[in-house]
There are 2 protein chains.
Amino acid sequence: MALDHRKKDILKVIVDDYIETAEPVGSKYLVSKYHLPVSSATVRNTMSELEQQGYLEQPHTSSGRVPSDKGYREYVENLMQVEWLPPEEARGIRMALTEQVNEISTLLRRASGVLSETTGYLSVALPPQAQSSQLLQVKLLMIEPGRALIVVVLSAGQVKDRIVRIPDLLSAEDLLKISQAIEANLAGMKLKDITFVAVQSAMQATSLPESLLNQIMYEAYTAIKQSDNLDSYLNGMPNLFAHPEFQDISRARNVVDKLSQEGLLFGLLDRQWESERTSGQLTPQPSDLPENQADQKRGPTTPGEADCKPCRYMIRIGQELQSEGLEDCSFVTTTYTLPGKLMGFIGVLGPMRMNYSRVISHISFVRQTMDDLIARSARLNRDSQHKEQ
Amino acid sequence: MALDHRKKDILKVIVDDYIETAEPVGSKYLVSKYHLPVSSATVRNTMSELEQQGYLEQPHTSSGRVPSDKGYREYVENLMQVEWLPPEEARGIRMALTEQVNEISTLLRRASGVLSETTGYLSVALPPQAQSSQLLQVKLLMIEPGRALIVVVLSAGQVKDRIVRIPDLLSAEDLLKISQAIEANLAGMKLKDITFVAVQSAMQATSLPESLLNQIMYEAYTAIKQSDNLDSYLNGMPNLFAHPEFQDISRARNVVDKLSQEGLLFGLLDRQWESERTSGQLTPQPSDLPENQADQKRGPTTPGEADCKPCRYMIRIGQELQSEGLEDCSFVTTTYTLPGKLMGFIGVLGPMRMNYSRVISHISFVRQTMDDLIARSARLNRDSQHKEQ
DNA sequence: TTTAGCACTCAAGTCTCCCGAGTGCTAAAA
DNA sequence: TTTTAGCACTCGGGAGACTTGAGTGCTAAA
């Protein structure tokens, strides 16, 4: 069932061209534009076979062919060439990401912004799955009697705060006691391992009257548990409208609708999360990790950029997204890593006809740069900690 | 130059009908649909005069009339009737806003969500202009050597945190000292009155070596000053696509483009801010405060809702927005108030052909409810503080 | 196995025609 | 003086006919 050489060549050229022009491609046009060493009739026969095998579709009789989901899948797995980023562009991206970044949230905002700008599609960046983060600190600050600010600091520099109601009688000292007790008992635990009972028993160590504690216990627990509810960064919505597949307003609306739904992106990425953990196959097709095509090995253009190679990424095409309204879209995602086996996601969403090669090289580079920055910052901290001792 | 009675009637009916149908309205149709006591010829004459006076436009000869910017302006100022919210709807909104709200940011998120859902347009909610907020607390929490979390608490329960680099040598105690010094010197000041010199002199009271302080001073200053950079809440983008004026993708794109520009909304609202302060006229037309039309005085349907009356709001129509890309839109905004003369904004953006009456009644009610909730919460705090003494 | 040739298909553009809702103007009616 | 009836005119938009051209499948020859 594998495709012979000619079929591969022709399929590749068809997808390349369709990505470029958004027009169904025909046999004669193909031969003349790409100087194929065969006649249009031969191409026609090949196309016909590719169609029978499900790699191509015909919008209507007597029109050119268009890649099917399966065709794109074959293309991204075996046919396309991922180009390296031109060094100027790489330098620009690196600078944009490096400047003035103290927090992971700033880095994510930048990453998303850069991706949408350089690819011309929609991009999204999600903070690490905080459920696996460790709790580092919990602080309770009195705002005014009856209201306190609870600040939860997680590993990898994630911070979440929220205001909670507390019993009027609690003093600033009580709050200090409570937060110290929580920290003493829960610091270092993973968020997902923290239970209500754990919070309860931690707080009982404060020897404060139980009646007071009862009122704040639940607030503290939910504040801690929900601190994974961090912000996602989405950029480039207007970019989508530039592509011909979204000229039809109803499609555009479907997509915007979907993307506005809180939680949808998390859902999509959870699936990747799953498949990363089990490092197994994806449901629709074994799609992950096409990281080692032979034709990709030609080196980078500058030695300085040598440390960026295409990395683990996942591509979901059309139906594979299993999301009504996104049938015409593809989603390329990858994960960045933080110390402590934490992972977060960045992704680019565009029409199925997106320039996969371009997107992959950009997202790879952004991911690599993020990993570098994070690692460097972690190293700096380790060093300075070392120095202190 | 004032419009006589018939002209007013006819203009009102035209705008009403155009808002409902989005079709240019013609004379004969108008007479038969609304049983006007005059003939179509008379209506035609009147329309022709209204057009000459600039209240109506004709998309092309031999088509019906459409309101112009000026026509809408006359409509919202003198012609439309603002209906009260049906009590069930009011109750629903009130419940949605009341539930589990501890923070101003939650309230804003809810308010924006409710507005976009109930009006079917796009809505936005902005936090109070923090430059006029008072600084209440500044806390510095050690995250790890070299990095600290600075938490800035403003009046009205606004909280902003960010991670800053600090000299490696600073200890947790140093941080405590610094934050206490800042609080002691700056607490109670308005954000806009805080200068770099003030921070500087505050921190010198810590008697820490100047070399250490120099490194953190600027960070602290910018963290405090930029704490007004709070999040805005925008909902209902997909709603816009449902309206016929945005079926043309390029218009839709213009709007989405504009709205994606960080800062645009703030800019639009700054202008309102200005005009609220000087309580003077708006540039294009004296547009604010049409709050006392006589025909609006018929009471609410239930006594329970009696405390909600249409409030100060501002309507900007088409060109008045002075924003390229939003020429076909209108923007209805109002301000909610917080203790200490703080003000924030909520607004609804829709096609120029939006249902102003509906939007105004909803936004008024939401504003009123927000003000109530905020005031009640402030009262509770005052009471409990009182009790403690 | 490949190619040349031919007949066939069909979307999309263009042209024409026609309909109807709408207008402005004028002269008669109120 | 104001309103109405009547009439001629306008023009967007929909329906239908026609053309064009890029594309296909099939068959027979190279």
Side-chain angles (χ1 to χ4, degrees), chain A residues 3-11 13-18 20-68 71 244-245 247-248 353, chain B residues 3-11 13-18 20-68 71 244-245 247-249:
Chain A
L3 299 176
D4 66 25
H5 209 70
R6 176 188 290 151
K7 279 188 188 166
K8 281 190 181 178
D9 283 351
I10 289 185
L11 180 55
V13 180
I14 290 175
V15 181
D16 275 340
D17 193 82
Y18 186 64
E20 184 188 331
T21 65
E23 297 289 335
V25 328
S27 53
K28 204 166 157 192
Y29 163 86
L30 211 57
V31 170
S32 81
K33 176 161 178 189
Y34 296 94
H35 309 293
L36 301 189
V38 290
S39 76
S40 65
T42 311
V43 173
R44 266 200 300 283
N45 290 333
T46 312
M47 280 169 137
S48 168
E49 287 163 39
L50 282 169
E51 184 176 0
Q52 277 178 11
Q53 292 176 74
Y55 293 100
L56 296 177
E57 283 166 1
Q58 224 173 351
H60 36 259
T61 345
S62 91
S63 92
R65 259 54 171 231
V66 158
S68 65
E245 26 274 283
Q247 289 309 97
D248 176 10
R353 187 189 61 75
Chain B
L3 299 177
D4 67 24
H5 209 71
R6 176 189 291 148
K7 280 189 187 165
K8 281 191 182 179
D9 283 351
I10 289 185
L11 181 55
V13 179
I14 290 175
V15 181
D16 276 340
D17 192 82
Y18 186 63
E20 184 188 332
T21 65
E23 297 289 335
V25 328
S27 54
K28 205 167 157 191
Y29 162 85
L30 211 57
V31 170
S32 81
K33 177 162 177 186
Y34 295 95
H35 309 292
L36 302 188
V38 291
S39 76
S40 65
T42 312
V43 173
R44 266 201 299 284
N45 290 332
T46 312
M47 280 170 136
S48 168
E49 288 163 39
L50 281 170
E51 185 176 359
Q52 277 177 10
Q53 292 176 72
Y55 294 99
L56 295 179
E57 283 166 0
Q58 223 172 352
H60 35 259
T61 345
S62 90
S63 91
R65 265 35 177 242
V66 158
S68 66
E245 26 274 282
Q247 289 310 97
D248 175 11
I249 198 87

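Computed from a predicted model, the values in this text were never measured in an experiment. Values below: all heavy atoms of this structure, side chains included; hydrogens, waters and symmetry mates excluded. Per chain, numbering begins at 1; letters A, B, ... match sequence-line order.
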Counting heavy atoms from C-beta on, name the nucleotide in [options] closest to the side chain of [X].
{"X": "S39(B)", "options": "dC10(C), dG25(D), dT4(D)", "value": "dT4(D)"}
{"X": "Q58(B)", "options": "dT3(C), dT4(D), dT23(C)", "value": "dT23(C)"}
{"X": "S48(A)", "options": "dG25(D), dT4(D), dT3(C)", "value": "dG25(D)"}
{"X": "M47(A)", "options": "dA11(C), dT24(D), dT3(C)", "value": "dT24(D)"}
{"X": "Y29(A)", "options": "dG23(D), dG12(D), dT3(C)", "value": "dG23(D)"}
{"X": "V38(A)", "options": "dT4(D), dT3(C), dT24(D)", "value": "dT3(C)"}
{"X": "T61(B)", "options": "dC10(C), dC11(D), dT24(D)", "value": "dC11(D)"}
{"X": "T42(B)", "options": "dC11(D), dT23(C), dT3(D)", "value": "dT3(D)"}

*Kindly check if the number of other-residue, nucleotide or ligand heavy atoms within 6.0 Å of NE2 (H60(A)) is above 12?*
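Yes.
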
*Heavy atoms from other residues, nucleotides or ligands near NZ of K7(B) exceed 12 (cutoff 6.0 Å)*: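 Correct, the count exceeds 12.
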
Figure out the [atom1]/[atom2] separation between [X] and [N], and round it to whole Å.
{"X": "I10(B)", "N": "dT23(C)", "atom1": "CD1", "atom2": "P", "result": "11 Å"}
{"X": "E23(A)", "N": "dG23(D)", "atom1": "CD", "atom2": "C1'", "result": "13 Å"}
{"X": "K7(B)", "N": "dT3(D)", "atom1": "NZ", "atom2": "P", "result": "12 Å"}
{"X": "H5(A)", "N": "dT1(C)", "atom1": "NE2", "atom2": "C1'", "result": "18 Å"}
{"X": "E49(B)", "N": "dT23(C)", "atom1": "CD", "atom2": "P", "result": "14 Å"}
{"X": "L36(B)", "N": "dT3(D)", "atom1": "CG", "atom2": "C1'", "result": "14 Å"}
{"X": "K28(B)", "N": "dT4(D)", "atom1": "NZ", "atom2": "C1'", "result": "14 Å"}
{"X": "L50(A)", "N": "dG25(D)", "atom1": "CG", "atom2": "P", "result": "12 Å"}

*Start at the 5' end of DNA chain D and walk down; is the nucleotide closest to H60(B) or to V25(A) reached first?*
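It is H60(B), whose closest nucleotide lies nearer the 5' terminus.
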
*With DNA chain D as reference, determine whether N45(A) or P24(A) sits nearer its 5' end, using the nearest nucleotide of each.*
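Comparing both residues, the 5'-ward one is P24(A).
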
*Distance-only donor-acceptor test, S62(B) side-chain atoms vs dT10(D) base atoms, 3.5 Å*: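 Answer yes: a donor N or O sits under 3.5 Å from an acceptor.
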
May I ask you to evaluate whether [X] reaches the phosphate of [N], defined as a side-chain N or O under 4.0 Å from OP1 or OP2?
{"X": "R44(A)", "N": "dC26(D)", "value": "no"}
{"X": "R65(B)", "N": "dT23(C)", "value": "yes"}
{"X": "S63(A)", "N": "dA11(C)", "value": "no"}

*Does the distance from a Lys or Arg side-chain N to an Asp or Glu carboxylate O, for E20(A) and K33(A), drop under 4.0 Å?*
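The answer is yes: the pair qualifies as a salt bridge.
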
*Please answer whether the main-chain N or O of T42(A) pairs with a side-chain N or O of T46(A) as donor and acceptor at a distance below 3.5 Å.*
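Side chain of T46(A) to backbone of T42(A): a pair is present.
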
*Examine distances only and state if a side-chain atom of S68(B) and a backbone atom of G54(B) form a donor-acceptor pair shorter than 3.5 Å.*
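Between the backbone of G54(B) and the side chain of S68(B) there is a qualifying donor-acceptor contact (under 3.5 Å).
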
*Paired with dT23(C): which nucleotide, if any, by Watson-Crick or G-U wobble criteria at under 3.5 Å for both distances?*
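By the stated definition (distances under 3.5 Å), dA8(D) pairs with dT23(C).
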
*Write down the partner of dA30(D) under the Watson-Crick or G-U wobble criteria, each distance required to be under 3.5 Å.*
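Paired with dT1(C).
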
*asked:* Looking at every non-hydrogen atom in both residues, tell me the closest pair between V31(A) and V38(A) and how far apart they are.
replied: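 In this case the closest contact between V31(A) and V38(A) is CG1-O, 3.6 Å.
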
